[in-house]
Amino acid sequence: MDHNETVVVLDFGGQYKELIARRVREMHVHSQILPCTAPIEKIEEINPIGIIFTGGPNSVYDPASPKCDKRIFELGIPILGICYGMQFMAYALGGEVSSCPVSEYGQIETNLENSCALFRNLDQKEIALMSHTDYVSRLPEGFQPAAHTENCPIAAFEYPEKKFYGVQFHPEVQHTPKGKKIIKNFVYNVCGAEGLYNMDDYIEQQVKAIRKQVGDKKILLGLSGGVDSSVCAALISKAVPNQLICIYVDHGFMRKNESEEIDAVFSKMDLNFVHVDASERFLTKLAGVTDPEQKRKIIGAEFVNVFQDEAKKYGDYEFLAQGTIYPDVIESGANNSANIKSHHNVGGLPKNMSFIGLVEPLRNLFKDEVRQLGKKLGLPESLVNRQPFPGPGLAIRVIGEVTREKLDILRNADAIWRQEIEENKVKADQYFAVLTNVRSVGVMGDFRTYDYALALRAVTTSDFMTAEYTKVPHSVLEKAASRIANEVDGVSRVCYDITGKPPATVEWE
Ligand code: XMP
């Protein structure tokens, strides 16, 4: 990185610190999160172009509330305080913070002073997400109000000469529709950013950090073929070529040609790629099993066994690499890196394997950033834009007992469905086929058939917690159904699943 332009996000315990950092990154400015207790010398050393104080759950009058070194206000660096960050600034500089007579929660109409640098090119009234029970009731000297709402007389403030700003609302969240513009105004108009930061810089930083962390030691990674572990592998192999071993446990439940694609991508990289075909082991364990949860448990446990057996063959590894991304960090509730991620795919890596450390270069990134990074690292589109795929794979899309024959039928039908969706540019977030355990009578030529009924699924969702079925055009459905019935032996009937989540789930099992 040949430019030194950083915005420090000073963490006062808010839940949105990573989102703030991400907003700054997407404006092409490097951001770094520091705890509010970071020594002032550390901030001076970074010499940021601006500082953003995050929100936080506390009240500034609570003796235990987070505080930072007040010398921060003497550095001559622009500061934007958000929510608690604004209140802290007011309090620290001699203003007053009080309990709101009426707390504000949710999207609130906010009246902005458009002369304030933060609100340049915004409307005079904008919607902003509020969530507070305290508010700044008296401004410190030199400050002036810059926004108000019905119940909050000082919803933003400014001290333009010192470049100090505060907003009571959360500009970093989507519920504040013009929030990005406000942060951009701060970063560009107030801090004077040039905006030269990009994914290449991220790669460069991580490459340095990985080299520093692992030295000449070896690293082990469980590759699932999913976006996160693949990008993680590509990044590490760039940093420390040939110190990484990637074990790809192929349980035999991948989609058509997927394992071949993974082979093609990773066998070209500077890493030790091991593809373990364990399909026989998994199928044997699953023989006679029909209960969905039982299937998941067996697959998870067997995965650990295979992984461990393979890792043993390749000697000692000091580090374990994981494609943990920021949403995983939030999900697991963990704040530091001590926890081993319960692998999405496999329900837990071996507990008795000892490593001296974890390498998690994607920990601060959101999914779309990971995809961008993957593209930069030269991974193919098909891999970086891969739709979500459950760890147990097709085993939970073959209803009832899983057999090789059923998997082959499903694989072929699923490939046709995906091809039709993609070629017809149907927008869906996840789409796949399910082989039901129902057989149905059909007629082919002059013969009666008695083959499986297959279900097609396509859903539209933003978070997979809820989902709607995708309104796939009838012409696409018809073509897919006809191709599947004609081209795939073993399927005599095709249905389209039009249930939402809830009441159904995305997967059938
Ligand atoms: P459901 O079926 O719970 O699916 O509505 C929501 C999302 O999660 C994926 N999914 C899984 N992912 N292991 C995974 O890694 C699993 O066991 C699993 N089950 C469901 C599913 O594909 C959808 O994207």
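Remember, predicted model here, so these are calculated numbers, not experimental data. Atoms within a ligand are numbered from 1 in the order they appear, just like the ligands themselves.
Here E369 does not pair with K376 in a salt bridge; the nearest charged N to carboxylate O distance is not below 4.0 Å. Taking the charged nitrogens against the carboxylate oxygens, D309 and K313 have no contact shorter than 4.0 Å, which rules out a salt bridge.
Counting atoms of ligand 1 from 1 in the listed order, those under 4.0 Å from a heavy atom of T505 are 1 (P), 2 (O), 5 (O). Remark: ligand 1 atoms within the under-4.0 Å shell around heavy atoms of P392 are 13 (N), 16 (C), 17 (O). Below 4.0 Å from some heavy atom of G391 lie the following atoms of ligand 1, by number and element: 13 (N), 14 (C), 15 (O). Atoms of ligand 1 lying under 4.0 Å from any heavy atom of K501, numbered from 1 in the order shown and given with element: 1 (P), 3 (O), 5 (O), 6 (C). Within ligand 1, the atoms closer than 4.0 Å to a non-hydrogen atom of P388 are 24 (O), numbered from 1 in the order shown.
Residue contacts with ligand 1, taken as heavy atom pairs separated by less than 4.0 Å, do not involve A467 at all. At a heavy-atom cutoff of 4.0 Å, ligand 1 is contacted by both the backbone and the side chain of P390.
Selection from E507, M465, Q387 by nearest heavy atom to atom 2 (O) of ligand 1 gives E507.
Side-chain polar atoms of N385 and E381 form a donor-acceptor pair below 3.5 angstrom. Looking at T176 and H170, their side chains never bring a donor and an acceptor atom within 3.5 Å of each other.
Nearest heavy atoms, L223 versus Y248: O-CD1, 3.3 Å.
The shortest N/O to N/O separation between V506 and ligand 1 falls below 3.5 Å. Distances between N or O atoms of Q430 and those of ligand 1 include at least one value under 3.5 Å.
Every side-chain hydrogen bond (donor to acceptor under 3.5 Å, both in side chains) that H275 has, sequence neighbours left out, goes to D250, D263.
Pairs of residues two or more places apart, or lying in two chains, that qualify as side-chain hydrogen bond (donor to acceptor under 3.5 Å, both in side chains) and include a residue from residues 465-476 are T460-T470.
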